[in-house]
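Values below: every heavy atom of this structure, side chains too, minus hydrogens, waters and symmetry copies.
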Amino acid sequence: VHEALRTIEAFDGPVVAALEGHVLGGGLELAVACDIRIADTTAQFGLPESTMGLAMDLGGAQKLPGMIGEGMTKYLIMTGEPIDADRAHEVGLVEELHEPGAFDDAVDDLAATLASKPAYIHGLAKRQVHSVRPPNLDESMSQAIHHAIAAYQEPETQRRVAEFFE
């Protein structure tokens, strides 16, 4: 999964996450790997892993602080509580927010705006923005896998995961 997320981030074209409904856990971490997030007003965003005793392992913990701040990142991870689309937009997790009836047209408009620019400029922009990320991002993401494995070995985590699936 890490390789897929890196591929999304390295792709020279813009990658837009069109978000509706529940954007939770790995789904939110996938959205974070995208360049632009556009959501409808009914979307819910969260990282419920802690509810089951799981550790995040897809890079969200490493990338979210630069997007939404350390405090909001810790809030989402530590509480496991979701936030609504308005709050997600307010904290900078979502760049555009639209009512469900206007959502598809807004996604199309955004795609048209992006397509109207020279193709090479998107890749240049992505590389410039990514250049200010912490130099140890890949190392931190690899470490997150080890944390996730360690957390899953805990009997409490195994019990909570089993309860979730029941």
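- Proximity of Phe11 to Asp35: side-chain heavy atoms (C-beta onward) are nowhere separated by under 4.5 Å.
- Between the side chain of Arg37 and the backbone N or O of Ala31, at least one donor-acceptor pair lies under 3.5 Å.
- With contacts defined as side-chain heavy-atom distances shorter than 4.5 Å, the pair Glu99/Thr41 qualifies.
- Among pairs with a residue in residues 104-115, none fulfils salt bridge (Lys or Arg N to Asp or Glu O under 4.0 Å), at least two apart in sequence or across chains.
- Glu166 meets the side chain to side chain donor-acceptor pair (under 3.5 Å) test with no other residue; sequence neighbours excluded.
- If you chain together hydrophobic residues whose side chains sit under 4.5 Å apart, Ile77 and Phe45 fall into the same group.
- Comment: Glu9 engages Lys63 in a salt bridge, judged by a side-chain N to carboxylate O separation of less than 4.0 angstrom.
- For the pair Arg87 and Glu90, the salt-bridge criterion is met [side-chain N within less than 4.0 Å of a carboxylate O].
- Of the inter-residue distances, the one linking Glu95 atom CD with His89 atom NE2 reads 8.0 Å to the nearest 0.5 angstrom.
- Contacts classified as salt bridge (Lys or Arg N to Asp or Glu O under 4.0 Å) and involving residues 70-79 (residues at least two apart or in different chains) are given here: Glu70-Lys74.
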Under the side chain to side chain donor-acceptor pair (under 3.5 Å) criterion, do Gln128 and His130 qualify, and how do the steps go? CA-CA 6 Å; Gln128 289 174 334; His130 291 174; over 6 Å; no

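- Linking Ile, Leu, Val, Met, Phe, Trp and Tyr whenever their side-chain heavy atoms come within less than 4.5 Å puts Leu64 and Val94 in one cluster.
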Worked check of salt bridge (charged side-chain N to carboxylate O under 4.0 Å, His left out) between Arg159 and Glu156: CA-CA 5 Å; Arg159 181 186 64 75; Glu156 176 74 9; 2.7 Å; yes

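- Side chain of Lys126 to main chain of Pro14: no donor-acceptor pair is present (N/O by atom type, distance under 3.5 Å, no hydrogens or angles).
- Contact annotation: the side chain of His122 approaches that of Leu114 to within less than 4.5 Å [non-hydrogen atoms, C-beta and beyond].
- Between Met72 and Leu76 the shortest side-chain heavy-atom distance falls below 4.5 Å.
- Leu110 places a side-chain heavy atom less than 4.5 Å from the side chain of Glu96.
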